[in-house]
Amino acid sequence: MSIAVTESWDVEYASGTRYTPDEPPVGFVADILAVAKEHGIERGLYVGAGNGRNFIPMSDAGLELTGLDISTVAIDQLKERAPRYADRLVVGDLPALPDDVRFPLASGRASGGPAR
């Protein structure tokens with residue numbers, strides 16, 4: 001991931017306007033939880049975990065998720081909001097994950113990118 005993209009996400013999260021704690025998770029969270037339960041999936045990867053808007057409710061519902069995000073600021077905010085999950089959070093993109101780790105579920109939310 002380019003440094004410029006990473007820095008732009010850091011600026012976006014540092015501004016305090018990206019996914020405030022009072023924003024509800026997006027609708028697909030319930031769908032992911034239902035599919036995971038139906039298939040007996042208990043762990044997974046959340047790409048673009050951000051500051052936890054969707055990661056926290058899915059984890060609180062019982063999914064053992066690893067959260068991945070390129071923004072150090074976002075991951076720091078997520079650690080502050082939910083320190084119980086700090087050991088499951090990774091800053092970086094896919095190559096930041098260990099080579100030998102496999103996830104039965106991968107999820108994420110596509111975004112148009114930070115505001116410019």
**Request:** Give, for atom CZ of R102 and atom CZ of R43, the distance between the pair rounded to the nearest 0.5 Å.
**Result:** 10.5 Å
**Asked** If two hydrophobic side chains count as joined below 4.5 Å and joins carry through other members, does L65 share a cluster with L78?
**Response** yes
**Prompt:** With a 4.5 Å heavy-atom cut-off, do F28 and N54 have their side chains touching?
**Reply:** yes
**Item:** Distance (rounded to the nearest 0.5 Å) between Q77 CD and Y13 OH
**Value:** 8.0 Å
**Complete:** dist I70:CD1 -> T6:OG1 (nearest 0.5 Å) comes out at 4.0 Å
**Message:** Please find the pair of heavy atoms, one from V73 and one from A14, that lie closest to each other, and give the distance.
**Reply:** CG1-N, 3.6 Å
**Message:** Could you check whether atom CD of E42 has more than 12 heavy atoms from other residues, nucleotides or ligands sitting under 6.0 Å from it?
**Reply:** no
**Any side-chain heavy-atom pair of I32 and L105 under 4.5 Å** = yes
**Message:** Would a single hydrophobic cluster contain both V26 and V35, if residues Ile, Leu, Val, Met, Phe, Trp and Tyr are joined by side-chain heavy-atom contacts under 4.5 Å?
**Reply:** no
**Message:** Using only atom types and a distance under 3.5 Å, with no angle test, would you say the side chain of R53 pairs donor to acceptor with the backbone of E23?
**Reply:** no
**Asked** Is the number of heavy atoms from other residues, nucleotides or ligands within 6.0 Å of CG (D99) greater than 12?
**Response** no
**Message:** Using side-chain heavy atoms (C-beta onward) and a distance below 4.5 Å, is R84 in contact with D60?
**Reply:** yes
**Prompt:** When rounded to the nearest 0.5 angstrom, what distance separates CD in E12 from OG in S71?
**Reply:** 9.5 Å
**Message:** Any heavy-atom pair between the side chains of I75 and K79 that's under 4.5 Å?
**Reply:** yes
**Message:** With a 4.5 Å cut-off on side-chain heavy-atom distances among I, L, V, M, F, W and Y, is there a chain of contacts connecting Y85 to V90?
**Reply:** no
**Prompt:** Ignoring hydrogens and geometry, is there a side-chain-to-backbone donor-acceptor pair from S59 to I56 under 3.5 Å?
**Reply:** no
**Prompt:** Between G67 and A49, which heavy-atom pair has the shortest distance, and what is it?
**Reply:** CA-CB, 3.8 Å
**Asked** Are F55 and L89 close enough that some pair of their side-chain heavy atoms sits under 4.5 Å apart?
**Response** yes
**Request:** Would you check if V29 and L33 make a side-chain contact, meaning some heavy-atom pair closer than 4.5 Å?
**Result:** yes
**Prompt:** Side chains of F103 and L97: does their closest heavy-atom pair fall under 4.5 Å?
**Reply:** yes
**Asked** Got a second to check how far I3's CD1 is from D10's CG, nearest 0.5 Å?
**Response** 11.5 Å
**Asked** To the nearest 0.5 Å, what is the distance between CG (L94) and CG (L45)?
**Response** 7.0 Å
